[in-house]
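Notes follow once the structure below has been shown.
In each ligand, atom 1 is the first atom listed, and ligand 1 is the first ligand listed. Computation of the quantities below employed the complete heavy-atom set of this structure, encompassing side-chain atoms and omitting hydrogens, waters and symmetry-equivalent molecules.
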Amino acid sequence: MIDAAARLLALLPPETAHRLTIRTTKAFSRLLPAPPPDDPKLATTAFGLSLPNPIGLAAGFDKDAEVPDAMLGLGFGFVECGTITPRPQPGNPRPRLFRLREDRAVINRMGFNNAGAESAARNLSRCRHRGVVGVNIGANKDSADRIGDYAHAFRRLAPFCDYVAINVSSPNTPGLRGLQDRDALSHLLEALTAARAKCGQIRPLLLKIAPDLDAAAMDDIADAALASGIEGLIVANTTIERPASLRSPHAGEAGGLSGAPLFARSTEVLKEMRKRVGARLALVGVGGISSGADAYAKIRAGASLVQLYTALAYQGPGLIRRIKRELAQHLARDGFARVADAVGADLL
Ligand SMILES: Cc1cc2nc3c(=O)[nH]c(=O)nc-3n(C[C@H](O)[C@H](O)[C@H](O)COP(=O)(O)O)c2cc1C
């Protein structure tokens with residue numbers, strides 16, 4: 001029935017459908033039966049946290065931390081809320097979200113629309129925390145001190161979550177990706193590890209990077225991340241590239257492309273980062289996952305955990321159960337007793 005509702009939502013303009021999904025999830029999630037327990041093969045640990053399965057909800061779905069409990073209740077192993085900026089901001093003018101149905105993809109140029117850190121802190125303080133909840137933080141578009149914004153958001157939100165993701169890879173806030181450059185990134189990570197040390201909130205810090213990076217940029221990020229003492233990388237955000245294979249009428253819209261056409265490139269960057277950082281940092285693989293085979297490929301490329309968003313919008317929450325079932329089948333077929341044993345198998 002939920003998946004039939006997802007098909008109906010697909011008939012509405014995408015942002016209306018998304019808002020309605022959040023509202024109904026908030027209102028009715030308690031009525032849903034709990035998902036069956038996960039296959040024990042899928043239980044895993046990453047950056048010191050224990051998870052029942054490695055399939056997470058990527059940032060951008062629950063920007064204001066309105067429904068983390070409900071999304072965990074649908075069977076995700078972890079959920080990431082945000083991106084949350086210190087002050088509320090409206091984001092870019094609409095339309096700013098486009099379905100590329102023929103390509104199983106989405107283009108968005110939302111621009112960090114969110115209700116701000118105070119609102120998110122209130123929501124998260126009411127959360128029941130029956131699983132791992134991460135918070136993804138960013139800078140306000142008009143901020144004169146972007147690094148200060150990240151530190152502010154960290155201090156305000158870290159007490160209410162299990163890990164903090166530092167988003168320097170949204171293509172929709174002008175100049176934000178410049179924080180991936182070696183010196184800027186080192187300063188940012190220094191500020192955040194210092195804020196963490198000072199406020200005593202020992203939360204794992206993960207850096208979310210773009211898929212649009214050349215080898216030298218990947219070297220710089222790996223070096224800065226390893227030197228900083230953060231725990232992991234999320235690979236990757238949406239791409240500003242437009243593969244020639246895109247067929248949808250909206251393919252020329254400005255913004256970040258997600259979904260199936262992002263899979264190959266984001267998996268390639270994941271593999272490259274794994275080669276650079278080995279097992280010293282935990283990697284979260286995201287970009288174009290819509291099946292157990294896709295999740296398994298990311299894990300074999302070096303991801304300890306994976307996340308998805310776009311495929312959920314097209315397929316509805318039944319997808320979560322299917323991916324977990326298929327992933328367990330892939331692991332069993334290849335003789336892996338636990339998901340952790342398959343991490344990086346393609347690079348050995
Ligand atoms: C509508 C939309 C909004 C997004 N907003 C954010 C965001 O606020 N912060 C962020 O780090 N990533 C955001 N993302 C990127 C996703 O978290 C993810 O990295 C990307 O979509 C690739 O995964 P997918 O192909 O499974 O969607 C957004 C993606 C979409 C489609």
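Residue pairs meeting the side chain to side chain donor-acceptor pair (under 3.5 Å) criterion with at least one partner in residues 186-198, sequence neighbours excluded, are Arg196-Glu231. Contacts classified as side chain to side chain donor-acceptor pair (under 3.5 Å) and involving residues 248-262 (residues at least two apart or in different chains) are given here: Glu102-Ser248, Asp103-Ser248, Arg109-Glu253, Ser258-Thr310.
Around atom CZ of Arg23, no more than 12 heavy atoms belonging to other residues, nucleotides or ligands sit under 6.0 Å away.
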Listed pairs under 3.5 Å, donor-acceptor, residues 73-84 side chains, sequence neighbours left out:
| unit_1 | atom_1 | unit_2 | atom_2 | d |
| --- | --- | --- | --- | --- |
| Glu80 | OE1 | Tyr163 | OH | 2.6 |
| Glu80 | OE1 | Gln307 | NE2 | 2.9 |
| Glu80 | OE2 | Asn136 | ND2 | 2.9 |
| Thr83 | OG1 | Asn136 | OD1 | 2.5 |
| Thr83 | OG1 | Asn167 | ND2 | 3.0 |

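Between Val286 and Tyr309, the closest side-chain pair of non-hydrogen atoms is not below 4.5 Å.
Summarising the geometry of Ala293 relative to Glu326, their closest heavy-atom pair is N-OE1, 4.3 Å, with the distance given to 0.1 Å.
Protein residues lining ligand 1, listed by chain and number: Ala58, Ala59, Gly60, Lys63, Gly82, Thr83, Leu97, Val106, Asn108, Asn136, Asn167, Lys208, Ala236, Asn237, Thr238, Ser258, Gly259, Leu262, Val286, Gly287, Gly288, Leu308, Tyr309, Thr310 [non-hydrogen atoms, distance under 4.0 Å].
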